[in-house]
Amino acid sequence: MQISHKYGLIFVITKLGLLFVYDLETASAVYRNRISPDPIFLTSEASAAGGFYAINRRGQVLLATVNEATIVPFVSSQLNNLELAVNLAKRGNLPGAENLVVQRFQELFAQTKYKEAAELAAESPQGILRTPDTVAKFQSVPVQAGQTPPLLQYFGTLLTRGKLNAFESLELSRLVVNQNKKNLLENWLAEDKLECSEELGDLVKTVDNDLALKIYIKARATPKVVAAFAERREFDKILIYSKQVGYTPDYLFLLQTILRTDPQGAVNFALMMSQMEGGCPVDYNTITDLFLQRNLIREATAFLLDVLKPNLPEHAFLQTKVLEINLVTFPNVADAILANGMFTHYDRPRIAQLCEKAGLFVRALQHYTELPDIKRVIVNTHAIEPQSLVEFFGTLSREWALECMKDLLLVNLRGNLQIIVQVAKEYCEQLGVDACIKLFEQFKSYEGLYFFLGSYLSSSEDPDIHFKYIEAAAKTGQIKEVERVTRESNFYDAEKTKNFLMEAKLPDARPLINVCDRFGFVPDLTHYLYTNNMLRYIEGYVQKVNPGNAPLVVGQLLDDECPEDFIKGLILSVRSLLPVEPLVEECEKRNRLRLLTQFLEHLVSEGSQDVHVHNALGKIIIDSNNNPEHFLTTNPYYDSRVVGKYCEKRDPTLAVVAYRRGQCDDELINVTNKNSLFKLQARYVVERMDGDLWEKVLNPENEYRRQLIDQVVSTALPESKSPEQVSATVKAFMTADLPHELIELLEKIVLQNSAFSGNFNLQNLLILTAIKADPSRVMDYINRLDNFDGPAVGEVAVEAQLYEEAFAIFKKFNLNVQAVNVLLDNIRSIDRAVEFAFRVEEDAVWSQVAKAQLREGLVSDAIESFIRADDATQFLDVIRASEDADVYSDLVRYLLMVRQKVKEPKVDSELIYAYAKTDRLGEIEEFILMPNVANLQNVGDRLFDEALYEAAKIIFAFISNWAKLAVTLVRLKQFQGAVDAARKANSAKTWKEVCFACVDAEEFRLAQICGLNVIIQVDDLEEVSEYYQNRGCFNELISLMESGLGLERAHMGIFTELGVLYARYRAEKLMEHIKLFSTRLNIPKLIRACDEQQHWKELTYLYIQYDEFDNAATTVMNHSPEAWDHMQFKDIIVKVASVELYYKAVHFYLQEHPDLINDMLNVLALRVDHTRVVDIMRKAGHLRLVKPYMVAVQSNNVSAVNEALNEIYVEEEDYDRLRESIDLHDNFDQIGLAQKIEKHELLEMRRVAAYIYKKAGRWKQSIALSKKDNLYKDAMETASQSGDRELAEELLVYFIEQGKKECFAACLFVCYDLIRPDVALEMAWVNNMIDFTFPFLLQFIREYTGKVDELIKDKIEAQKDVKAKEQEEKEVIAQQNMYAQLLPLALPAPPMPGMGGGFAPPPPMGGGMGMPPMPPYGMPQMGSY
């Protein structure tokens, strides 16, 4: 049930699709009908439509609501319930009850029940009574003393019920205004009780302007709103409101009005207009002229600055204009505007001239584009700020800038030099440094060149620029700057600068010293200073500037033949700061080394350890032969390599002494080889004990190697008492791969009773060398020597394949295991190894022998040896070998020994397996009852895999592995025991294996016990079924499945599989099974089974249960003898998804069940294409068979259905049904039907044909057919409806010809709008039928008299409007003339191009009219204007 609050109705909807409608207040039944052929299961309110939504079983969403146009007439006429009809109309504001409401109102008014009449008028549907006539009726009622006037009662009722319309609001407000009760109006407007109109606003304006404005806004009386805002000076609101309502006021008139009283407000209004969407409605130039006509320059400037902010090209004229008026009147304002840079499109040449005249030279420079103009202005440097001038140079091209700089220097070199220097500094990259330098050089301004290059020097690496700066500084007397640059700069040309400074002969030599010191011109500097007698600067340079260059200074002084006393004094003055090595070189080159004796001895006496000092002193001692050997051996500071080199040509032995002291190996070897001093060389090499040195001297490429070896063996090594020296020598011989020489050396040391005869290392070395170089001596050395490393030497002998010698060494040192390993691994003699093992009787030896025997496959002998060795470590290898050799009896003995030593699961497990292999089952049972660590599970699996089932049975039974026990019992054919074991195991896999074994053995009872435990597992069910079926056990399988249905854990698979089995083997039970357990079946699987076995009835039932209605319908139609049932098929066909099945069903019923086809089609009426159904039936020739169906669906107005039914009605001569069909359903071939029946023998059929022609617009044919059958009324109506004057007049002529005067008069009335009065009068006068035309003439005269009155009234009103418009234009022209009187105060127009003159300054104004001073940047605030 749903309630419609909109209409006050109750909708009751049943599940079967029936709708009952009741009135909410009276519970009266209003309507009932079926709205859906399918069950409805859900409804919901549709509040917006006043109805409800419903959803049926097919998923259709239905919307049901009231037909507002017909419900009230239906209730009043069909139900004959006038009161309910009126109430419905009032509640829902519905049409159809107008006459009833008006009649009731008149009755109440006649009975003076004014209150009830007012309530009825207020509630009247669609406001049919709320008219001016009703208000006039209440106004006409006389007011009784002491009673409320009926009119006020009427308005009060309306106010309580809702909102008044426009006329009612105006009449009520007129009463309130007359009584001066403005507060009532405010309250009603606040509560939205009145409908606002322009007339109401005019009325209220007489008492309250604000309230009137609100009314105008609500009434959308736009002109009145704009006028009201203008009166209130709220100009911004005018624009906002006009934009909101889309109104376009006269903006120019508004601006002129504001300008008269409020110039600042006019500016604001103009700015607001400029910001309107779509652009300013008034041209900017026009607005500017309005300001200028009143000499409002500030206001015009403010307006233009704001609107010209976008800086558009089309605003070029206005930009020029605002700059012109300010340059003439207020130059500071124009300067500020130009400074902001907001304009770029104005006339720049024109503005440049005005700026020059106004004294704004910087602005003039920025605007001039010709070089002569710029030169003329730029020389006014006294009136131009330097920084601005510098910035202006940045805008010029390189050539123009240089030209301007030349002019400035020509006009005033001294005064403008600073500006030129600043410009050159700022724009040196653009102008070019060379150009700037040439400019200064052209005017010989070294001062300018000095200042310019000084700023550029730090960023330049050009040698020429650095030199010019040094030159300029020198010529301007800036010696300190010259000294600084020569000291710090790295880029000047040193040679060029040195020459310049030498030529300049500055009084201060420091710049020259800097250049020469930094760039290596010290000899030139020394020569310059010495020849110019500047000895003080020489001393200062050596002592303070760079003592490191003192050797060069000394060398140059020696070349210049300076006195030795000055040189010695200079050297001594520097002392330790003086670099000795270069000084010695300089003196040595000039053979003046003795000059330094005093200086060197002085340094030594001061404790100097400088190697160069001592080298120089040593050279002096060697040259003087003053006990040089003592110096070479005792002095620790000299460089042995340098002094030795110095001694080589003088005395080689002194060179050896020097090299020995400094361990200069290469130099010593070279000098001894060169001078055949091999004994000294051998002693030195032995003493050095250096491997690299030994490698070098023992190198085969050394041609003196043999002489050195002889001296080492004969002299150097016998003299040595140091073991380290001996060891190093031996090692060197070994490294050099000299085995024979080494043996010779070692025999001399070890075997000849020297101090090193019993040396452990030397004995080892001797034997090892013999093994390597001379194996025949090894056995002799083994027997003669005792103090050597037996194990290590034995291993070396084995590696050298001297096996007998190795066996002798191991045996000599009692290393029995290594000895037996040599016999086994190298000599490969197991017999000698066994004999050696019996001799020594060691477990380790027997263990090695056993391993060898095991490797050779002598398993029994190996086991015996392992038992002798009592060795249990190799049990894994023994077990593996025993299994390969199948010697399980010996293995049992070995494993029993091993169990006594280790507790390993592998040992116990292999022992059980060995018992099983030897068929000792009793011992297995005894063993597993004893404590053990065997892995019984693995052992049992292994026994099972190798078919030792009896032993496996013992193991599995002991460890309670019922699953494996069951399988084992199956192998042993013990099925009952297997079932018992499987029950204990309770495993699906076990049950399955036992079940399959029982089936194979035909033990079906036991198989069923097992099978019941398997089929409860979904995954195993199908495997069990296939196993049974593959062996032909169908009945036993069905019995198993039927037993499974009663299981607690029975699942869908069991029910489905049983259904499949019934389908295959017992079809008589299939349908019963499906119906009983349809919810527990896997329907798709069973569908496939039924399809395969061709059980069509059951297949259809399954398709229906699975909601596959398409397949169900197809199955029924393809296999109808077994599957068809009419009621079932109707339920199926409405639920199918494929549309083609509908038409297939039509063919099916037409062929097999034609008597039921209409019933089936009625079910499909909402789903099928009716045209296609009609075509099917028409082709089949059985169209009448489906007439009931076509009548039921004709409401859809389908062409094919309409034509088919019309054809049937024509054949049946049922003209009433035919006419009804034509009226209600127009979608058919009307002309074809009319042509078909216009010659029918029945009059009514021909009349229907005329009616069809009329509906189709074929008026002549319809009228002709009606005249032919004397149906004059039909002819007249057709002519009237056609709207064709010619047809109507032809019909009049026909009636006159036929003498039908009454028909003539009737035709004039029916076709009144079409017939011309003159034609009608003429026909009547000619045919003496004037009396029959008088009603027509009277009506025509009355109509045209009213039209003339209306035209006269419209003409009078138009004349009044024309006069009012002319008066308004006169006022506007007068107003403009008044503005024109102010034109002399405006600025003159700019001159035309090519004409002389310019802006003339305005005449001086009175006091207080000048512009206030401008701030540094930007325009002054608007308020200051």
Side-chain angles (χ1 to χ4, degrees), residues 15-17 34-44 53-63 1052 1056 1059 1071 1074-1075 1078-1079 1081-1092 1094-1154 1156-1177 1179-1180 1186 1189-1190 1192-1193 1195-1196 1198 1200-1201:
K15 291 184 177 180
L16 296 179
R34 180 184 293 276
I35 62 173
S36 172
D38 298 300
I40 292 176
F41 62 88
L42 180 64
T43 61
S44 176
Y53 293 105
I55 302 176
N56 61 17
R57 186 174 180 183
R58 289 177 55 199
Q60 292 180 320
V61 180
L62 310 175
L63 171 62
M1052 180 181 288
T1056 305
M1071 180 58 82
I1074 291 173
K1075 290 182 177 179
S1078 61
T1079 59
L1081 294 172
N1082 183 348
I1083 294 178
K1085 183 176 180 180
L1086 195 53
I1087 284 174
R1088 291 193 296 272
C1090 291
D1091 192 16
E1092 292 173 0
Q1094 300 183 357
H1095 299 307
W1096 309 119
K1097 189 173 183 179
E1098 290 82 357
L1099 180 61
T1100 303
Y1101 185 81
L1102 288 173
Y1103 277 136
I1104 294 171
Q1105 294 298 316
Y1106 199 54
D1107 291 340
E1108 289 194 4
F1109 301 107
D1110 290 32
N1111 292 333
T1114 303
T1115 303
V1116 170
M1117 288 187 285
N1118 292 339
H1119 308 284
S1120 58
E1122 298 179 15
W1124 179 78
D1125 178 81
H1126 180 60
M1127 298 306 294
Q1128 184 189 54
F1129 187 77
K1130 285 200 302 181
D1131 291 339
I1132 294 171
I1133 197 64
V1134 297
K1135 298 174 183 177
V1136 299
S1138 175
V1139 178
E1140 289 300 320
L1141 288 176
Y1142 299 151
Y1143 309 108
K1144 189 175 180 181
V1146 173
H1147 285 289
F1148 169 71
Y1149 266 80
L1150 185 60
Q1151 294 173 1
E1152 299 192 11
H1153 307 285
L1156 298 174
I1157 191 169
N1158 281 293
D1159 190 17
M1160 190 271 297
L1161 285 173
N1162 287 333
V1163 173
L1164 296 177
L1166 298 177
R1167 296 169 175 81
V1168 296
D1169 181 358
H1170 306 302
T1171 302
R1172 187 171 176 181
V1173 173
V1174 171
D1175 289 343
I1176 292 172
M1177 301 307 297
K1179 290 177 181 178
V1186 293
Y1189 154 74
M1190 289 191 293
V1193 301
S1195 59
N1196 295 319
V1198 178
V1201 176

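Only a predicted model underlies this, so the values are computations on that prediction, with no experimental measurement involved. Heads up: numbering here begins at 1 and tracks the sequence.
Between Glu1098 and Lys1075 there is no salt bridge, since none of the side-chain N atoms of the basic residue sits less than 4.0 Å from a carboxylate O of the acidic one.
In plain terms, the two heavy atoms of His1170 and Asn1196 that are nearest each other are NE2-ND2, 3.2 Å. Across all their heavy atoms, Ala1123 and Thr1100 have their closest contact at CB-OG1, 3.6 Å. Closest approach of Ile1104 to Gln1128, counting heavy atoms only: CD1-NE2, 3.4 Å. Across all non-hydrogen atoms, the minimal contact from Leu1166 to Pro37 is CD1-CG, 3.8 Å. Looking at every heavy atom in both residues, Val1136 comes nearest to Tyr1142 through CG2-CE2, 3.3 Å. The two residues Trp1096 and Thr1115 have their closest heavy-atom pair at O-CG2, 4.0 Å.
Atom NE2 of residue His1095 and atom NE2 of residue His1119 lie 13.0 Å apart, to the nearest 0.5 angstrom. Residue Lys1130 holds its NZ atom at 8.5 Å from CG of Leu1156, rounded to the nearest 0.5 Å. The distance from the CG atom of Leu1150 to the CD1 atom of Ile1176 is 9.0 Å, given to the nearest 0.5 Å. Between atom NE2 of residue His1147 and atom NZ of residue Lys1179 there is a gap of 8.0 Å, rounded to the nearest 0.5 Å. Taking OH of Tyr1189 as the reference point, atom CG of Asn1162 lies at 8.5 Å (rounded to 0.5 Å). Note: Cys1090 SG to Tyr1103 OH = 9.5 Å, rounded to the nearest 0.5 Å.
Looking at heavy atoms from C-beta onward, Val1146 lies in side-chain contact with Met1160 at the 4.5 angstrom threshold. Side-chain contact between Gln1094 and Leu1099: absent, with no pair of heavy atoms (C-beta onward) separated by less than 4.5 Å. Under the 4.5 Å side-chain criterion, counting only non-hydrogen atoms from C-beta, Ile40 is not in contact with Lys15. Inter-residue side-chain proximity for Gln1105 and Leu1081 is flagged as unmet; no heavy-atom pair is nearer than 4.5 Å. For the pair Val1173 and Val1186, the minimum side-chain heavy-atom distance is 4.5 Å or more. Proximity of Gln60 to Leu62: side-chain heavy atoms (C-beta onward) are separated by under 4.5 Å at one or more points. Within the 4.5 Å cutoff, side-chain heavy atoms of Ile1074 are placed close to those of Tyr1101. Contact annotation: the side chain of Thr1171 never approaches that of Val1201 to less than 4.5 Å [non-hydrogen atoms, C-beta and beyond].
A donor-acceptor contact shorter than 3.5 Å is absent between the side chain of Arg1088 and the backbone of Ile1083. Looking only at distances, a side-chain donor or acceptor of Asp1110 sits under 3.5 Å from a matching main-chain atom of Ser1138. With hydrogens and angles ignored, the 3.5 Å screen pairs a side-chain donor or acceptor of Asn1118 with a backbone N or O of Thr1114.
Side-chain contact of Ser1120 with Glu1152: a donor-acceptor pair under 3.5 Å is present, judged by distance alone. Side-chain atoms of Glu1108 and Asn1111 include a donor-acceptor pair closer than 3.5 Å.
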Evaluate the criterion side chain to side chain contact (heavy atoms under 4.5 Å, CB included) for residue pair Leu1164 and Val1134; output intermediate values, then yes/no.
-> CA-CA 6 Å; Leu1164 296 177; Val1134 297; 4.2 Å; yes
Side chain to side chain contact (heavy atoms under 4.5 Å, CB included) between Val1198 and Val1193: does it pass, once the steps are laid out?
-> CA-CA 8 Å; Val1198 178; Val1193 301; over 6 Å; no
Steps toward side chain to side chain contact (heavy atoms under 4.5 Å, CB included) verdict (Met1177, Ile1157) | CA-CA 11 Å; Met1177 301 307 297; Ile1157 191 169; 4.1 Å; yes
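Scanning for ring pair (Phe, Tyr, Trp, His ring centres under 6.0 Å) contacts around His1153 gives Trp1124, Phe1148, Tyr1149, with sequence neighbours left out. Scanning for salt bridge (charged side-chain N to carboxylate O under 4.0 Å, His left out) contacts around Asp1175 gives an empty result, with sequence neighbours left out.
More than 12 heavy atoms of other shown residues, nucleotides or ligands fall within 6.0 angstrom of atom OH in Tyr1143. The environment of Lys1097 atom NZ is sparse: at most 12 non-hydrogen atoms of other residues, nucleotides or ligands sit within 6.0 angstrom.
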